[in-house]
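Scroll down for the structure; my scribbles are underneath it.
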Amino acid sequence: MLSVKEAESIVLNLAQPLDSQQDVETVDLLAASGRILAAPVTGSLDFPYWDNSAMDGYAVRFTDVENCSAEKPAVLEIVEEIPAGYPPQITVQSGQAARIFTGAMMPDGADTVVMQEDTRREGDRIFILVSPEKPQAFVRHKGAFYQAGTPLLTPGTVINAPEIAVLATAQCIQVPVYRRVRVAIFSTGDELISPEQPLASGKLVDSNQYALTVLLAQMGCEVIRLGIIPDNENALKKAIAQAVLTADLVLSTGGVSVGDYDYIEQILADLQGKVHISSVAIKPGKPLTVATFKRDKQASTSPILSSDCLYFGLPGNPVSALVCCWRFVVPALRKIAGLGADAWGPEFVTARCHAELRSHGKRETYVWGKLHLVAGVWEFEPASGSQNSANLINLAHTTGLAVLSASETRISPGEFVEVLKVS
Ligand code: AMP
Ligand code: MG
């Protein structure tokens, strides 16, 4: 059985990033929200676009106002008023000033802005009561924040509000982003029904499909839902064969354990999948199965899919399925999606335990619960009730998974523990 670390490294090696040439689409600025930049963006405009005032005040020549004071003000003639958005018309000469507002273009001749609060106005004359600290005071210079032609945003950047502002400012209104990762999901089990079906004796609602759909959608994936597949070899074979042709990554739940109706691993092999992982020393989640499929380009129904398909056979128990997803699938998806290695995760924090954590030892154990940041220290509160992999009820509100290593059986209240951040 592989350790969690070994499994993680195998999974990350198998996950291949989308292609920065083929797997790119161009979207409108606002549609780029949450997407990942696929190509470098270089602006053709300096920013600020032109010298402009950082204050409401007066544009002056520094040499006219240096050494002035309230007792010995410099007195200047106001020759123009420059609101934001209008180009100046007049060159400021010695002895002159232009009334100027924040964001307005600096007029020729002036090199400094004196803020309004440091002046007194009398008709068309302005009295400068405080000498500016230095020439260029309160002037935002053209190109001070960004020079045209230099790199603006690099590939792998997630486009959120600040990046949208940058792209808008650079007038980059068509944005090259990676296409969404296509993930096919299905659930296996004769016992499964959908939430709207009447509950017959012995049946169970397929919660996994809903949980995974939401997790994947929140990650920006395109989710292809293939429904519930019965514990029937032919039906499973058909579903898997279809899934690996239509998606970059496939997630199935159930059927990977050692029961008589657990067919997945055998079918993966029958369909020429290469099985890389068939169990991991993790609790919950031991039967995790990972395979790859070489893509037969001729047979593919989708010409846009390029690299091989990565298949995760997740255990059926709802907590096991999600723990495996958070620990292994999410980092793989981030790599495939085009994020840089520093963003693949998983993200761990060190937290102080509120209550005792227990494990049987032997397998790396993940205890679910809530993470709180209290006065700068992370605290972990395990979910109350049973830590049973079928107990999806107390999984609600989970924000962290505390990790007990394979050799640890107990962590006392007040001790520190590594916690995987999840959301
Ligand atoms: P399996 O891995 O197929 O042996 O399933 C393990 C346990 O998880 C069984 O109790 C199943 O009923 C349950 N289970 C399997 N698939 C799902 C699902 N999609 N949603 C909720 N529970 C499931
Ligand atoms: Mg099953």
Side-chain angles (χ1 to χ4, degrees), residues 1-2 7 183-218 221 223-240 242-243 247 249-270 273 275 277-291 311-330 363 365-366 368 383 385-396 398 401 422:
M1 198 163 22
L2 295 168
V183 185
I185 63 170
F186 63 92
S187 304
T188 71
D190 283 356
E191 73 278 33
L192 300 178
I193 57 168
S194 60
E196 61 279 2
Q197 277 180 284
L199 186 64
S201 200
K203 300 291 178 188
L204 176 70
V205 168
D206 168 18
S207 58
N208 287 346
Q209 185 157 176
Y210 291 81
L212 295 182
T213 299
V214 167
L215 186 146
L216 295 166
Q218 286 176 347
C221 300
V223 186
I224 304 160
R225 294 172 58 196
L226 300 177
I228 298 168
I229 313 298
D231 290 319
N232 167 296
E233 285 175 273
N234 284 336
L236 284 167
K237 228 176 216 171
K238 223 172 121 194
I240 294 173
Q242 183 196 349
L249 190 140
V250 178
L251 297 181
S252 64
T253 62
V256 285
S257 202
V258 293
D260 287 351
Y261 302 99
D262 292 335
Y263 299 122
I264 297 285
E265 190 177 340
Q266 185 54 50
I267 293 174
L268 295 175
D270 291 349
V275 178
I277 296 174
S278 53
S279 68
V280 180
I282 186 171
K283 187 177 185 302
K286 179 174 134 192
L288 173 69
T289 299
V290 180
Y311 188 105
F312 285 86
L314 303 172
N317 268 316
V319 182
S320 315
L322 270 178
V323 168
C324 286
C325 252
W326 282 323
R327 187 64 186 82
F328 301 110
V329 180
V330 167
R363 283 187 274 154
T365 299
Y366 287 67
W368 51 101
S386 167
Q387 291 271 333
N388 178 307
S389 59
N391 186 3
L392 57 89
I393 303 299
N394 74 349
L395 193 64
T398 293
L401 302 172
V422 300

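Note that ligands are numbered from 1 as they come in the structure, with each ligand's atoms numbered from 1 the same way. The model shown is predicted, which means the values in this text are computed figures rather than measured ones.
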Is there any protein N/O under 3.5 Å from an N/O of ligand 1, and what does the full list of such pairs look like?
| from | atom 1 | to | atom 2 | distance (Å) |
| --- | --- | --- | --- | --- |
| ligand 1 | 2 (O) | Gly316 | N | 3.1 |
| ligand 1 | 3 (O) | Gly255 | N | 2.9 |
| ligand 1 | 8 (O) | Gly316 | O | 3.3 |
| ligand 1 | 8 (O) | Asn317 | N | 3.1 |
| ligand 1 | 8 (O) | Asn317 | OD1 | 3.4 |
| ligand 1 | 12 (O) | Glu191 | OE2 | 2.6 |
| ligand 1 | 14 (N) | Gly316 | O | 3.3 |
| ligand 1 | 19 (N) | Asp206 | OD1 | 2.7 |
| ligand 1 | 19 (N) | Asn208 | ND2 | 3.3 |
| ligand 1 | 20 (N) | Ser207 | N | 3.2 |
| ligand 1 | 20 (N) | Asn208 | N | 3.4 |

Criterion side chain to side chain contact (heavy atoms under 4.5 Å, CB included) against Leu314, the qualifying member of Val323, Val290, Thr253, Leu322:
Thr253
Identified side chain to side chain contact (heavy atoms under 4.5 Å, CB included) counterpart of Ser320 within the set Cys325, Pro315, Pro287
Pro315
Are more than 12 heavy atoms from other residues, nucleotides or ligands located less than 6.0 Å from atom OH of Tyr261?
no
For Ile264 versus Gly254, what's the shortest heavy-atom pair and its separation?
CG1-O, 3.6 Å
Verify whether one side chain among Tyr311 and Ser252 offers a donor that lies under 3.5 Å from an acceptor in the other.
yes
Taking side chain as C-beta onward, heavy atoms only, is Tyr210 less than 4.5 Å from Arg225?
yes
